[in-house]
Amino acid sequence: MATFKPKFLKPDTDDAIADTGGDTEPQSSAFVFNANHNLGLVEQRERLPIRQYRDQILYCLENYQVLILVGETGSGKSTQVPQYLYEFGWHTKGMIGITEPRRVSTVTLANRVAQERGELVGDTVGYVVRFLERMSNETQIKFMTEGILLRELLADPLLTQYGVIIVDEAHERNMLTDMVLGLLKKILRKRSNLKIIISSATIDASFFSEFFSWPGSKDISVKLSIEGRMHAVNHYYLNEPCADYVRETVETVWKLHQKEPPGDILAFLTGQEEVLEALDLLREYIASSELNNLKVLPMYGSMSSNDQLAVFFTPAKGVRKVVLATNVAETSITIPGIVYVIDCGYVKVKWYNPDTCSDSLVVVPVSKASAVQRAGRAGRMRPGKVYSLYTKQDYEALEPRQPPELRRSELCGAVLQLKALGISNILRFDFPSPPPAKNLLSALETLYALDAIDEQGQLTKPVGYLLAELPFSAMLSKMLFVSGKLGCAEEIITIIAMLQVQSVFSNPVSAVAQQGARIAHRHFEVAEGDLITLLNVHSAFVEDGMTKEFCGQYYLIYRHLKRACELREQLLTLARKKYGIPIFSCKGDVEMVCKCITAGFFTQVAYLHHSGVYRQISSSTELSVHPTSTLYTLPQAQYVVYGELLQTTKLFMNQVTVIKKEWLTELAPHYYQQTTVRD
DNA sequence: GAGCACTGC
């Protein structure tokens with residue numbers, strides 16, 4: 001392991017830290033706590049790589065307003081930096097706040113830090129995530145998700161209760177990360193006593209230091225690079241590009257299995273279809289050979305919890321485990337025992353198209369950052385190997401990072417949030433990476449149609465402010481607002497809660513089970529469409545006592561359904577107590593529920609053209625019902641609204657509900673004059 | 001006839 005002498009770097013000396021490791025060896029690291037697990041917590045802390053940088057970190061914070069802390073995960077920065085600040089007395093100037101992109105890491109980190117301090121979480125160290133809060137008057141170190149900080153900004157625009165804010169994992173550049181960064185920059189100008197620490201992967205460091213500087217001012221930011229710790233990882237590239245990376249993945253697994261010493265394999269592919277294809281191919285290889293010591297497992301998001309669990313088990317002695325995974329294994333799930341990684345070099349991303357107001361699912365080359373992240377999944381336990389299914393030249397040509405989410409997403413929610421924070425001219429807001437103006441304008445148009453903003457772009461009262469405060473999309477919020485007036489808020493809240501979670505319908509691995517799932521799901525389907533079907537799933541789940549057995553029987557994903565129920569409870573309380581929305585049930589009046597749905601989705605209508613194909617009412621673009629929709633197999637209705645448009649092989653409508661034409665002029669007369677509605 | 005992954009009092 002190279003020893004690295006820390007140096008202070010000003011923003012104009014970018015090049016000095018360009019590379020901290022060999023470029024063939026990605027610098028992710030082992031989860032360092034394991035190495036010292038026999039030691040006491042104090043000794044473990046002392047041994048962390050970040051320990052030797054403590055004084056530099058404190059010095060930087062004394063002298064600069066923004067510290068960009070560069071280093072891979074595993075250096076211990078998320079757990080140690082807050083404690084160094086606390087031990088040095090920074091908490092006397094206001095709380096030390098740490099934002100995290102995910103709930104799980106927020107809670108885990110807070111627990112870990114409290115444990116290291118020999119306290120219970122909720123004393124000096126606390127956390128806040130949606131639904132869960134461990135805080136007290138003593139709390140000085142506060143972990144939270146980015147969304148929580150954004151909510152707090154509504155009540156306290158200058159974040160006066162904080163002395164330091166640490167933005168962890170800033171290199172992920174989620175939509176919320178970018179909004180937080182833009183807002184923090186604004187606050188910095190007004191509060192010279194607020195300090196910011198941006199925790200980032202190497203590749204993005206100079207981007208952040210450029211963002212946190214403004215012309216004519218003295219340097220406000222400084223960079224500090226932290227060396228992580230890892231086992232050696234050998235990296236292999238192809239000599240020639242390959243034509244079919246699924247087949248290449250399978251062949252690589254096979255060769256590796258025959259030649260390499262024991263150790264499990266993780267292969268990254270782009271989607272479920274590829275995972276299942278590779279699974280079939282690999283099983284053919286196994287069937288036609290003598291080798292039976294290879295256990296192949298798929299891993300993707302819509303698998304049931306039970307199927308997913310399989311990848312965490314240690315295989316029998318002498319058996320090698322191969323996990324064929326989508327991007328779930330890149331960030332959200334860590335599979336133990338991985339020594340070999342195979343990276344196909346591609347990723348599937350969602351991309352918003354403001355012209356059709358649709359999302360596209362496109363397969364694109366991974367970014368360098370992603371490739372490094374994937375490679376880092378090897379070498380966590382012991383020295384590992386990475387096989388990239390592209391050439392070294394192709395690697396060099398990769399983009400440094402994926403375009404940030406904010407540049408490729410629908411922006412209604414972001415615009416509402418910023419408006420509520422008093423930023424009237426969104427087009428001039430200082431985004432870390434400004435989104436396309438077209439996306440912003442499209443969001444403004446939608447918000448105007450929903451009556452959330454007026455002609456001047458000001459939030460309306462009460463609708464605009466309500467939509468900005470509710471924690472889900474503008475259209476769903478509008479739906480809830482109307483449902484309060486029409487007396488079916490209970491049903492709409494259930495539907496909204498079900499739409500907030502990932503699909504509750506599980507997608508089994510085997511063909512037989514897939515058939516079983518289709519039949520089971522039919523149990524809930526109704527002619528009105530997907531949202532009423534979700535309502536049915538929820539009632540059936542609750543009536544049955546919310547059991548895992550019920551989910552198993554009907555091929556539903558328990559963890560998603562359970563979360564939907566939690567959300568529903570929270571939304572009911574929130575709607576009733578905070579927003580005064582009358583909560584009534586329409587007791588089976590399905591038409592009333594469909595009307596409310598229309599009141600939210602009225603800008604997204606399709607009518608059945610005489611050619612037998614649906615068309616967008618506003619643009620005549622041809623639309624199709626998505627094959628996963630309830631309505632796919634039913635006779636086509638004349639008019640439907642949809643919640644989502646997805647461009648893959650065609651433009652597909654998702655979350656489809658059958659409506660009556662008259663409802664449009666009744667519920668959105670400002671948007672639909674009678675004459676514009678076609679027969 | 002087709003489904004990357006997260007997330008918000």
Side-chain angles (χ1 to χ4, degrees), chain A residues 99-106 128-133 135 144-155 169 172-177 179-180 268-276 299-303 325-333 344 346-351 359-364 366 370 373 402 405 408-409 413-414 416-417 468-473 476-477 496-497 499-508 514 517-518 557 560 563 566-567 569-575 577-579 624-629 631-633 644 646-650 652-655:
Chain A
T99 69
E100 293 290 329
R102 279 170 293 281
R103 290 160 51 89
V104 176
S105 52
T106 310
V128 186
V129 299
R130 191 170 185 179
F131 300 130
L132 290 175
E133 182 171 332
M135 293 281 291
M144 68 201 119
T145 43
E146 291 161 343
I148 298 287
L149 188 73
L150 220 57
R151 292 281 147 184
E152 286 185 2
L153 275 162
L154 285 174
E169 314 276 7
E172 286 191 17
R173 303 292 306 279
N174 300 324
M175 181 125 87
L176 293 180
T177 318
M179 288 177 63
V180 165
F268 285 101
L269 293 163
T270 73
Q272 178 184 322
E273 200 182 333
E274 289 173 9
V275 166
L276 294 177
M299 180 79 209
Y300 48 82
S302 64
M303 270 165 54
T326 62
N327 244 13
V328 267
E330 192 181 305
T331 47
S332 60
I333 284 173
C344 77
Y346 289 88
V347 64
K348 200 177 277 187
V349 289
K350 220 173 189 180
W351 210 288
D359 286 311
S360 300
L361 268 183
V362 284
V363 173
V364 297
V366 291
S370 233
Q373 180 73 18
Q402 206 75 245
E405 192 184 10
R408 49 186 175 84
S409 302
L416 272 175
Q417 284 274 331
E469 277 206 53
L470 289 171
F472 31 80
S473 84
L476 294 180
S477 304
I496 290 176
L499 289 174
Q500 299 306 297
V501 298
Q502 293 165 62
S503 176
V504 298
F505 299 110
S506 93
N507 230 321
Q514 275 179 22
R518 260 195 292 274
I557 301 174
H560 295 170
R563 182 154 158 77
E566 286 172 11
L567 268 163
E569 289 307 317
Q570 185 202 21
L571 295 180
L572 280 171
T573 317
L574 199 70
K577 293 200 177 143
K578 190 162 176 193
Y579 302 108
S624 309
V625 174
H626 195 276
T628 53
S629 168
L631 295 180
Y632 185 77
T633 47
E644 189 183 66
L646 195 62
Q647 170 89 58
T648 51
T649 51
K650 286 179 184 172
F652 286 114
M653 298 182 279
N654 271 325
Q655 303 161 18

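Order of the sequence lines sets the chain letters (A, B, ...), proteins ahead of strands, with each chain counted from 1.
- Candidate nucleotides B:dC9, B:dG8, B:dG1 were compared by shortest atom distance to the side chain of A:P627, and B:dG1 ranks first.
- Of the side-chain N and O atoms in A:Q502, one or more sit less than 4.0 angstrom from OP1 or OP2 of B:dC6.
- Considering only residues two or more places apart in sequence or on other chains, A:F652 meets the ring-ring contact (aromatic ring centres under 6.0 Å, His included) condition with A:H626.
- OP1 or OP2 of B:dG8 sits under 4.0 Å from a side-chain N or O of A:T145.
- Here the nucleotide nearest the side chain of A:F652, chosen from B:dG3, B:dG8, B:dA5, is B:dG3.
- At the heavy-atom level, A:E273 lies under 4.0 Å from base atoms of the strands shown.
- Looking at residues two or more places apart in sequence or on another chain, you find no side chain to side chain donor-acceptor pair (under 3.5 Å) involving A:E100.
- Residues A:V129 and A:Y632 each lie close to DNA chain B; by heavy-atom proximity, the contact nearer the 5' end of the strand is made by A:Y632.
- When heavy atoms are screened at a 4.0 angstrom cut-off, A:L361 is found touching base atoms of the nucleic acid.
- Atom CG of A:L499 and atom P of B:dG3 are 19 Å apart (whole Å).
- Here the side chain of A:T326 is nearest to one of B:dG3, B:dA2, B:dC4, namely B:dC4.
- The nearest whole Å value for the distance from the CD atom in A:E566 to the P atom in B:dC9 is 14 Å.
- If you check every strand for non-hydrogen atoms under 4.0 Å, A:R173 touches nothing.
- Distance from the side chain of A:H626 is smallest for B:dA2 among the nucleotides B:dG8, B:dA5, B:dA2.
- Backbone-only engagement by A:T648 is indicated by non-hydrogen atom pairs under 4.0 Å involving sugar-phosphate atoms exclusively.
- The nearest whole Å value for the distance from the CE atom in A:M144 to the P atom in B:dT7 is 17 Å.
- One interatomic measurement links the two molecules: CE of A:M175 to C1' of B:dC4, which rounds to 16 Å at whole-angstrom precision.
- Here B:dG1 presents its P atom at 13 Å from CZ of A:R518, a figure rounded to the nearest Å.
- Taking only side-chain nitrogens and oxygens, A:R130 never comes nearer than 4.0 Å to OP1 or OP2 of B:dC6.
- Within a 6.0 Å sphere centred on CD of A:E566, other residues, nucleotides and ligands contribute more than 12 heavy atoms.
- Of the candidate nucleotides B:dC6, B:dG8, B:dC4, B:dC6 has the atom lying nearest to any side-chain atom of A:V328.
- With B:dC4, B:dG8, B:dC9 as the candidates, the nucleotide lying closest to the side chain of A:K350 is B:dC4.
- If you check B:dA2, B:dT7, B:dG3 against the side chain of A:T649, the one that comes closest is B:dA2.
- When all heavy atoms of A:V275 and A:A325 are compared, the pair lying nearest together is CG2-C, 4.1 Å.
- For the 3.5 Å distance criterion, the side chains of A:T99 and A:E146 fail to qualify, holding no donor opposite an acceptor.
- Looking at heavy-atom distances under 4.0 Å, A:E146 makes no contact with the nucleic acid at all.
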